[in-house]
Protein chains: 2
Amino acid sequence: MTGLRERKKQRTRDALIRAAHELFVTQGYDATTVDQIAEAVDVSQRTFFRYFTNKEEVALSLHETINDRFYASLCARPVDEPPLQSLRRAVDEVWDESSRTITEILPVELHMQLCQVIETTPSLLSAHLHHYLLLEEKLVQEIARRTGLDDEQDPRPRVLVAAFAGVMRSAARHWGMRGDASLEEARRSTHAFLDELRPALASEWGRGTRVAERDE
Amino acid sequence: MTGLRERKKQRTRDALIRAAHELFVTQGYDATTVDQIAEAVDVSQRTFFRYFTNKEEVALSLHETINDRFYASLCARPVDEPPLQSLRRAVDEVWDESSRTITEILPVELHMQLCQVIETTPSLLSAHLHHYLLLEEKLVQEIARRTGLDDEQDPRPRVLVAAFAGVMRSAARHWGMRGDASLEEARRSTHAFLDELRPALASEWGRGTRVAERDE
DNA sequence: GAGACTAATGACAGTCGCTGACAATTGACA
DNA sequence: TGTCAATTGTCAGCGACTGTCATTAGTCTC
């Protein structure tokens with residue numbers, strides 16, 4: 001089935017990702033050259049660029065697979081579920097399997113540390129935000145499909161996804177900028193932020209309205 | 001007061017922005033080299049990089065000044081106003097003066113066209129998103145200040161700004177990807193999207209809940 | 001108004017990200 | 001085993017960006 005050729009490719013790809021992560025975390029992203037990554041895996045620089053279109057992509061590759069899983073989770077939710085609830089449940093599902101997903105390729109701690117590198121490195125953060133935007137557009141399509149709305153006519157799918165994604169990123173950033181980079185803490189942070197989505201939009205922010213209404 | 005030296009600097013800066021805009025719009029961003037921009041203004045490449053830290057910045061410079069105005073508008077709103085309303089009103093104020101702001105430097109049409117270039121050029125869009133994120137962080141601080149909340153303890157300022165900014169970007173993108181790039185259309189688009197923020201978060205999306213509740 | 005001081009610029013060399021082209025290598029498969 | 005195609009290495013080159021240093025050109029003083 002999977003030939004030697006393909007396995008070999010997968011191995012060098014994983015090796016490149018791992019080497020890149022280690023170098024990025026220890027030296028910093030900008031201080032690490034593509035040549036260093038390639039050398040660490042003992043391939044030519046040219047080969048690196050055959051696996052990854054640019055330097056950013058190798059740093060964001062794990063996020064990318066997690067994003068894919070998230071999208072798949074959303075698509076698998078029952079269509080009669082309210083949209084925001086589907087998004088939220090999909091988040092839960094992805095968190096549940098994320099540590100397994102990550103560990104297949106590299107130590108979880110390394111990934112956590114890289115998250116902080118991403119948040120603190122401008123060029124990397126920019127690319128990250130762009131990737132996130134592309135995911136958002138897929139989410140809009142899916143929400144529109146599920147609700148049977150035309151996303152060109154009705155702005156609600158876009159608006160919902162934009163608000164949701166904005167809060168998700170905000171939670172990720174809030175967590176990523178801190179020191180305690182545990183998976184569990186990240187999960188809690190996203191939950192806490194999502195719980196505040198509706199309360200935060202209330203016109204008045206009295207202490208009374210502070211009680212979060214969970215979607216569960 | 002303003003010496004010759006300073007006026008000259010301002011002129012070359014404006015000239016660089018204008019030349020860059022024209023080249024980006026006619027040839028595309030990637031196809032335009034910094035050398036071409038510098039040559040059009042008859043300065044060396046090195047001086048270009050003394051005015052702008054990188055190629056993206058010259059393309060986003062106008063957005064940057066508009067963002068600054070927006071932040072200033074927000075800060076000037078009465079503190080007893082509900083946060084979301086302050087954000088919304090600040091948007092209105094900026095729209096009112098934006099055409100004037102732009103025309104000081106270059107034709108409005110050029111700026112509109114550049115918006116489309118930004119949305120369709122990956123590297124540029126990435127940088128744009130990053131700039132937007134930096135603005136968001138300033139907004140969070142200001143909202144926290146106005147409401148007297150500690151943004152480290154209470155997530156609502158972050159969440160509100162994230163949702164708001166997400167919708168704003170979504171509206172801008174929705175408009176920027178289309179053909180009719182008029183200022184008036186852009187203004188309408190952002191209004192329409194903001195009006196849908198609360199309705200879109202309703203659990204059920206029946207036609208009945210579709211009626212927008214304006215914040216005015 | 002001449003000269004000293006300093007900010008702005010130009011010229012040049014070099015690094016790094018990234019790409020195209022072509023040759024060499026190495027699995028796959030008959 | 002030999003042929004074919006996929007993968008890789010090498011090399012040459014472009015463009016973004018930076019450090020350095022000499023040169024130019026406002027500015028300020030006497």
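Per chain, numbering begins at 1; letters A, B, ... match sequence-line order. Just so it is clear, the model here is predicted, and its values are computed rather than measured. Side chains are part of it too, since the values below use all heavy atoms of this structure and drop only hydrogens, waters and symmetry mates.
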Measure from CZ on Arg7(B) to P on dA7(C) and round the result to the nearest Å.
19 Å
Quick check on DNA chain C: between Asp42(B) and Arg5(B), whose nearest nucleotide comes earlier from the 5' end?
Arg5(B)
How would you label the contact of Ser123(B) with the nucleic acid (heavy atoms, under 4.0 Å): base, sugar-phosphate, or nothing?
nothing
Using ring centroids (six-membered ring only for Trp), state whether His63(B) and His128(B) fall under 6.0 Å.
yes
Cation over ring face, Lys55(B) and Tyr29(B), 6.0 Å, 45°:
yes
Does a sphere of radius 6.0 Å around CD in Glu39(A) hold more than 12 heavy atoms from other residues, nucleotides or ligands, not counting ones at 6.0 Å or beyond?
no
Rounding to an integer number of Å, can you tell me how far Asp35(B) CG sits from dA11(C) P?
12 Å
Strictly below 4.0 Å, heavy-atom distances to any atom of DNA chain D: list the hits from residues 44-65 of chain A, or just say none.
Ser44(A), Arg46(A), Thr47(A), Arg50(A), Tyr51(A)
Would you say the side chain of Arg173(B) lies within less than 4.5 Å of the side chain of Leu125(B), judging by non-hydrogen atoms?
yes
Within a strict 4.5 Å, meaning less than it, do heavy atoms of the Glu57(B) and Tyr51(B) side chains meet?
no
is_close_aromatic(His130(B), His130(A)), centroid dist under 6.0 Å:
no
For Asp30(A) and for Lys9(B), find the nucleotide of DNA chain C with the closest heavy atom, then tell me which residue's nucleotide is more 5'.
Lys9(B)
Side-chain N or O of Lys8(B) less than 4.0 angstrom from OP1 or OP2 on dA8(C)?
no
